[in-house]
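For reference, the structure discussed in these notes is given below.
Heavy atoms only: backbone and side chains are in, while hydrogens, waters and symmetry mates are out. These numbers were taken from a predicted model, which means no experiment stands behind them. In what follows, chains carry the letters A, B, and so on, assigned in the order in which the sequence lines appear, proteins first and then strands, with residues in each chain numbered from 1.
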2 protein chains.
Amino acid sequence: MITIKEVAHHAGVSMSTVSYVLSGKRSISEETKRRVEQSIVALGYHPNAGARALASNRSRVVGLVVPLHSDQNLPIIMRFVSSIVARARDHDYDVLLLTKEAGPGEAHRVIARSMADAIVVMDVESADPRVPELRAVDAPVVLLGVPDDHEGLSCLDLDFTAAGRQLAGHLADRGHRSIALIGSPPPVYERGTSFAARLLAGFQGETAKRGVLTSVHSCAAGYDAVSGCLDDVLHPDRGTTGLVVHNEAVLGPLLLELRRRSLDVPGDLSVITLCPDDVAATLPVPLTSIAVPAEELGAIAVEMVMARLGRELAPEVRLLQPLLTDRGSTAVR
Amino acid sequence: MITIKEVAHHAGVSMSTVSYVLSGKRSISEETKRRVEQSIVALGYHPNAGARALASNRSRVVGLVVPLHSDQNLPIIMRFVSSIVARARDHDYDVLLLTKEAGPGEAHRVIARSMADAIVVMDVESADPRVPELRAVDAPVVLLGVPDDHEGLSCLDLDFTAAGRQLAGHLADRGHRSIALIGSPPPVYERGTSFAARLLAGFQGETAKRGVLTSVHSCAAGYDAVSGCLDDVLHPDRGTTGLVVHNEAVLGPLLLELRRRSLDVPGDLSVITLCPDDVAATLPVPLTSIAVPAEELGAIAVEMVMARLGRELAPEVRLLQPLLTDRGSTAVR
DNA sequence: AACCACGTTCGAAGCGCTTCGATTCAATTC
DNA sequence: GAATTGAATCGAAGCGCTTCGAACGTGGTT
């Protein structure tokens, strides 16, 4: 193993000089810097992370708590993870993988052992049992998702309430007087997944304000569940003309089933959804949708963490405003 | 921060004694052990990972290279990751997340910096460009997937050749004389994903031996692609009576489309596949299938890594034998 | 009684790095 | 020309842990 000592010797300088070349924390002459950098390359030097962490009290690692067992929206989770890893690497940070299933003690463990400098927690729920323990973690913590009791914690999410309003408003603007919301399966609501409840609240607030009739349907994945749900949604008594879908897994089957029933989108039924842009765009019928900006959320999460690594910073809740893309799947009544 | 020194003082012993209590590398009297353990709990001591790594030259971390951008079989990838993290934690190891996309240099970097003691690489392809660099990594490396040139590397995978044989054989045994294989989309083959090619080889070997007619179809995801593919598969000239599907993403649409065409499984068409057991079991029609034993593969990968951490061990290629579960989706002709 | 062996424990030397004065030397200032 | 500054560099003290050799009883051998 090549150590900083050998680099120093090779370059004819002291260890501290090499260290300062590497960190840039003190000014070093161009000439010396060049020589040191050459030696580093020549010897193939890589600083030892443990020694560095020990001496500097910084691990340059963030712990990421991921819900690996979640079967729901895996693609979105992956996008988050991917974006967080990439942005962390931009800051020369690595990512330690912690699983939600392994329990909240994991976050505390890696911080207490100085394995990580900060924690990012994905998939935070309304009444998330991990919240108290996370609050006690002695390091910056950023939650993706906003728990009910988020005092003292930094959270980040899409503004689902605004999204619910916007989806409802978009249809109401186009003259729809009876709109159905197809949401996640019952377990998601029971689990208190905050985003589902918040979107619903926004949706109902807006429709109430506009005097639009609504029906709300919790729909499981699977073709039969979707078909059954559609029977309910399209019951003639309702007069449903617009559909808000907040459940990525049913989009494909839903559109298929509509086609099977010879219902045209948007001719017979307007459909609007919330899902990643590329999903919305590659469905059998491209759907007007609000994007889930996973990459952006991941990037902001990392920014929030990095900002809190240096100085003490007040906790904040950041809600990204939803962005709706019109793909022509809604018609004017 | 509580250090080992404070624990030692609190327990009235030396630092080294505390260390030996923790590591168990020397015998310690029950009495002392008890006192030390009490002090550890009382003070809330957590060993500093950096110091530990520096002194012991062991990080207790494995680097895991994950294809985060892969859109194919995300659920399987997650299962692997999940199982690897869990099994690594069983050994008191943590997992550092490296992305395939960030390039092969990442594995070398984390090893050279002593951030990890070993590397596990997922989603290895036939002519994987990362292989040469992985071979040069100065630490145990285990590949999930078998590249063509795997000399000197330890690899682990399902025996896809045997799986192909077994799937074909299962249908041939039941009297099918014309079998179609629906595989992954063309890009997967072009990329040289070894498992696709190996399954195909096994399939063709077996069918040739049995004198069974075959047709091979590369099918993209999406309902229209599936429908088009079925038109081809079911062309009357072929007389296809059995279907081997090696493409998890098309299973749902395929079964739907068969239903739409009023074709009964297995009455009109026998279908058999290779996918995770729970996927096969929860489809509209449960399918006889060979399981992708993700949990088991992950566990074995971790075992292989751990075995190689202590002593020098020869590289080996381990191929798990496929296990077929009959769910009644194939009929006798 | 001197010896050895063994189980337990201690002390101290690092592991490779960062960082804080201290030092040197040349350029500026009065 | 002495004093002051500031840039560039060095030396050494840790960071918190593991681990090796030594030391210390205690009990059994000879």
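Under the 4.0 Å criterion applied to side-chain N and carboxylate O atoms, B:Arg130 and B:Glu133 are not assigned as salt-bridge partners. Under 4.0 Å is where a charged nitrogen must lie from a carboxylate oxygen, and between B:Glu101 and A:Arg89 no such pair does.
When atom types are taken as modelled, the side chain of B:Arg60 and the backbone of B:His91 share a donor-acceptor pair closer than 3.5 angstrom. Checked by atom type and distance alone, the side chain of B:Asp117 never pairs as donor or acceptor with a backbone atom of B:Val62 at under 3.5 Å. A donor-acceptor pair under 3.5 Å is absent between the side-chain atoms of B:Arg35 and the main chain of B:His10, judged by distance alone.
Atom-to-atom, NE2 of B:His46 to P of D:dC15 comes out at 20 Å; the value is rounded to the nearest Å. Atom CE of B:Met1 and atom P of D:dG14 are 18 Å apart (whole Å). Put simply, CG on A:Leu54 is 12 Å from P on C:dT19, counting in whole angstrom units. Regarding A:Arg58, its CZ atom lies at a distance of 24 Å from the P atom of C:dG16, rounded to whole Å. The nearest whole Å value for the distance from the CE atom in B:Met15 to the C1' atom in D:dC17 is 6 Å. Across the protein-nucleic acid pair, B:Asn57 atom CG and C:dC17 atom P stand 12 Å apart, rounded to whole Å. One interatomic measurement links the two molecules: NZ of A:Lys5 to C1' of C:dG16, which rounds to 9 Å at whole-angstrom precision. Counting to the nearest Å, the C1' atom of C:dC17 and the CG atom of A:Asn48 are 8 Å from each other.
At a non-hydrogen distance threshold of 4.0 Å, A:Lys25, A:Arg26 from residues 21-37 of chain A come into contact with DNA chain C.
No hydrogens or angles were tested; on distance alone, nothing pairs the side chain of A:Ser14 with the base of D:dG11 as donor and acceptor under 3.5 Å. Counting distance only, with no hydrogens placed and no angle test, the side-chain atoms of A:Tyr45 and the base atoms of C:dC17 include no donor-acceptor pair under 3.5 Å. A donor-acceptor contact under 3.5 Å is formed by the side chain of A:Tyr20 with the base of C:dC20.
Minimum atom distance to the side chain of A:Arg52 is reached by C:dC17, of the listed D:dG16, C:dC17, D:dC10. The nucleotide whose nearest atom lies closest to any side-chain atom of B:Ser16 is, among C:dC17, D:dC17, C:dC10, C:dC10.
Residues meeting the ring-ring contact (aromatic ring centres under 6.0 Å, His included) test with B:His46, sequence neighbours left out: A:His108.
Distances shown here put a side-chain N or O of A:Ser19 below 4.0 Å from the OP1 or OP2 atom of C:dT18. Between B:Thr17 and C:dC10, a side-chain N or O to OP1/OP2 separation shorter than 4.0 Å is present.
Defined by atom type and a distance below 3.5 Å, a donor-acceptor pair is missing between the side-chain atoms of B:Ser16 and B:Ser19.
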